[in-house]
Number of protein chains: 2
Amino acid sequence: MSRRSPAGSEPVSEAAARRLSIYLRGLQQLEADGLRTISSHDFARRFHLNSAQIRKDLAMFGEFGIRGVGYDVASLRNHLAGLLGIDEEKNVILCGAGNLGQALAGYGGFNSAGFRVVALFDVDPAKIGTSLRGGLPVLESAAMPAFLVKTRVDIGVIAVPAESAQKTTDALVAGGVRAILNFAPVRLRAPERIFVKNVDLKIQLETLSFYLRNS
Amino acid sequence: MSRRSPAGSEPVSEAAARRLSIYLRGLQQLEADGLRTISSHDFARRFHLNSAQIRKDLAMFGEFGIRGVGYDVASLRNHLAGLLGIDEEKNVILCGAGNLGQALAGYGGFNSAGFRVVALFDVDPAKIGTSLRGGLPVLESAAMPAFLVKTRVDIGVIAVPAESAQKTTDALVAGGVRAILNFAPVRLRAPERIFVKNVDLKIQLETLSFYLRNS
DNA sequence: CCGTGTGAAGCTGTTCACAGCT
DNA sequence: AGCTGTGAACAGCTTCACACGG
């Protein structure tokens with residue numbers, strides 16, 4: 001029966017991983033609506049997805065469904081939270097306390113449901129030593145390596161200027177951080193084992209601009 | 001010769017459009033480095049891309065290269081800027097002047113190279129009427145429809161809470177805005193002709209968390 | 001001879017369709 | 001009967017490899 005996933009046999013595509021998050025969000029909404037079970041077909045219609053894809057995605061990790069019935073909402077939500085690793089809190093640090101860094105520090109999604117921002121780092125002496133509302137400290141960038149030694153940091157967010165992004169990456173990697181969310185407009189060099197996600201807002205704007213032009 | 005693109009014959013994939021931005025950025029760097037021409041092979045090695053893909057992407061829009069030589073850096077940069085529509089300035093408005101909205105207003109990529117933020121909108125009376133450094137005004141959300149009538153807005157950025165994201169979208173669409181960059185964690189409903197790009201930071205974090213768990 | 005432009009091959013991810021379980 | 005789980009078909013994107021032009 002519960003033929004659990006061989007934990008790393010097939011690599012699980014980027015897109016599929018992202019969909020797991022979307023499913024989780026959908027399930028939370030269904031749960032709030034008081035629904036106990038849902039079929040892949042109803043789920044797909046509700047959120048404009050493809051039912052076969054939902055089943056395939058879920059089946060990669062085990063047999064969560066009940067044939068003839070569908071999926072148990074609460075149980076599947078728990079399974080997905082576990083798969084996504086948000087059942088235990090992840091420590092996040094923000095490198096760069098400029099506009100973006102401070103905004104992210106206050107952003108809801110960064111401080112709920114499995115993630116906790118534990119510190120910001122910046123080089124600007126005017127910012128160092130202050131603390132944002134919520135008591136979040138802004139520390140000196142030079143202190144980051146020492147901080148990483150005494151505090152387990154799961155995810156490092158890069159919100160520094162493009163010029164210092166690589167240097168920041170190197171410090172994160174040296175400190176044992178294995179996942180990086182990069183907002184700087186550069187392709188970072190990091191060892192294969194490090195997970196890097198790039199969020200490049202300028203590219204997003206330019207892509208929209210492209211489609212506007214070619215409409 | 002310049003067999004120009006049939007302007008909308010093949011749809012141009014999402015991924016390809018994004019790469020055009022990346023190529024443009026690379027070309028700007030090469031130009032700063034004083035390079036006059038570059039072959040697809042050298043370009044690929046410099047930025048860790050695939051040379052065949054570069055040629056295919058570019059060939060979709062015309063014959064920009066010179067056989068035996070490569071591409072003229074300045075000329076190709078101009079072509080790409082034109083294709084991406086950033087040779088003429090695009091007006092951007094930010095809906096939501098919270099943490100994220102204000103950060104984006106100050107973000108470099110949103111105020112250079114073809115984009116100009118012309119206004120922020122918010123419902124909070126404490127924010128309305130103020131203006132950020134740079135003189136950018138924060139206007140009342142209710143005034144947005146009137147604003148859209150008198151000012152051409154190319155791109156609307158949604159940085160409001162999830163609950164009001166759809167309402168904001170509807171107002172943008174009604175006001176003739178054809179491209180939307182959405183930071184709210186919901187899938188927006190909009191007519192087919194509207195271009196919507198979603199940037200969901202929570203999903204990015206959860207995806208990283210997933211890979212951490214399954215490493 | 002070098003590098004572009006491009007048909008063909010290869011690959012990855014998505015959708016279909018149905019066997020089998022409940 | 002209803003719905004999951006899944007092999008097989010399909011579609012789209014990426015990479016290869018080479019003919020052709022400079």
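So that the names make sense, note that chain A is the first sequence line, chain B the second, and so on, each numbered from 1.
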Visitor: Can you tell me how far apart CG (Asn50(A)) and CG (Asp57(A)) are? Round to the nearest 0.5 Å.
Guide: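 So the gap between those two atoms works out to 9.5 Å.
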Visitor: Tabulated below should be each protein N or O lying under 3.5 Å from an N or O of nucleotides 8-11 of chain D; please produce it.
Guide:
unit_1: dA8(D); atom_1: N6; unit_2: Lys56(A); atom_2: NZ; d: 3.1

Visitor: Would you tabulate the pairs of protein nitrogen or oxygen atoms and nucleotide nitrogen or oxygen atoms of nucleotides 18-22 of chain C closer than 3.5 angstrom?
Guide:
unit_1: dT22(C); atom_1: O4'; unit_2: Arg67(A); atom_2: O; d: 3.4

Visitor: How many whole angstroms separate atom CG of Asp57(A) from atom P of dT6(D)?
Guide: 13 Å
Visitor: Ignoring hydrogens and angles, tell me if any N or O in the side chain of Ser13(A) forms a donor-acceptor pair with the backbone of Ala16(A) under 3.5 Å.
Guide: yes
Visitor: Do any side-chain nitrogens or oxygens of Arg19(A) fall under 4.0 Å of OP1 or OP2 in dT14(C)?
Guide: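 True: Arg19(A) side-chain N/O within range (under 4.0 Å) of dT14(C) OP1/OP2.
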Visitor: Would you indicate, yes or no, if dG2(D) has its OP1 or OP2 atom less than 4.0 angstrom from a side-chain nitrogen or oxygen of Tyr71(A)?
Guide: no
Visitor: Can you sort out the partners of Ala174(B) under side chain to side chain contact (heavy atoms under 4.5 Å, CB included), two or more places apart, ordered by chain and number?
Guide: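 Partners of Ala174(B) by the side chain to side chain contact (heavy atoms under 4.5 Å, CB included) criterion come out as none, since no residue qualifies.
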Visitor: Using modelled atom types only, decide if a donor and an acceptor are shared between the side chain of Asp154(B) and the backbone of Asn91(B) within a distance under 3.5 Å.
Guide: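 Judged by distance alone, yes, a pair lies under 3.5 Å.
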Visitor: Applying the side chain to side chain donor-acceptor pair (under 3.5 Å) test to Ser21(A), which of Lys202(B), Glu206(B), Gln204(B) qualifies?
Guide: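 For Ser21(A), the side chain to side chain donor-acceptor pair (under 3.5 Å) check succeeds only for Glu206(B).
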Visitor: In whole Å, what is the span from the CD atom of Gln53(A) to the P atom of dG5(D)?
Guide: 15 Å
Visitor: Output yes when a side-chain donor or acceptor of Arg213(A) lies under 3.5 Å from a complementary backbone atom of Gly82(B), and no otherwise.
Guide: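 Between the backbone of Gly82(B) and the side chain of Arg213(A) there is a qualifying donor-acceptor contact (under 3.5 Å).
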Visitor: Can you identify which nucleotide, out of dT6(C), dT14(D), dT14(C), has its nearest atom closest to the Ala59(B) side chain?
Guide: dT6(C)
Visitor: Verify whether one side chain among Asp170(B) and Gln166(B) offers a donor that lies under 3.5 Å from an acceptor in the other.
Guide: yes
Visitor: Among residues 25-52 of chain B, which ones have heavy-atom contacts with DNA chain C below 4.0 Å?
Guide: Ser39(B), Ser40(B)
Visitor: Rounded off to whole Å, could you give me the CE-to-C1' distance for the Met60(A) and dG13(C) pair?
Guide: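 So the CE-C1' distance, Met60(A) to dG13(C), works out to 11 Å.
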Visitor: Which whole-number value in Å describes the distance from Glu14(A) CD to dG12(D) C1'?
Guide: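 Going from Glu14(A) (CD) to dG12(D) (C1'), I get 18 Å.
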Visitor: If you apply the rule side chain to side chain contact (heavy atoms under 4.5 Å, CB included), what do you find for Tyr71(B) with Arg77(B), and how did you get there?
Guide: CA-CA 10 Å; Tyr71(B) 298 87; Arg77(B) 198 245 308 127; over 6 Å; no
Visitor: Do any pairs count as a salt bridge (Lys or Arg N to Asp or Glu O under 4.0 Å) and have a residue in residues 94-104 of chain A, sequence neighbours left out, and if so which ones?
Guide: none
Visitor: Could you tell me the separation between the CG atom of Asp72(B) and the P atom of dG22(D), rounded to a whole number of Å?
Guide: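 Roughly 16 Å, once rounded to whole Å.
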Visitor: Using ring pair (Phe, Tyr, Trp, His ring centres under 6.0 Å) as the criterion, list what pairs up with Phe115(A), not counting sequence neighbours.
Guide: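 Listed in chain order: nothing, the list is empty.
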Visitor: Rounded to the nearest Å, what distance is computed from the CD1 atom of residue Ile54(B) to the C1' atom of nucleotide dG3(C)?
Guide: 13 Å
Visitor: Please confirm whether the ring centroid of Phe121(A) lies under 6.0 Å from the ring centroid of Phe147(A).
Guide: yes
Visitor: When you get a sec, tell me which of dG5(D), dT14(D), dT14(C) is the closest nucleotide to the side chain of Ala15(B)?
Guide: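 My answer, after comparing the listed nucleotides, is dT14(D).
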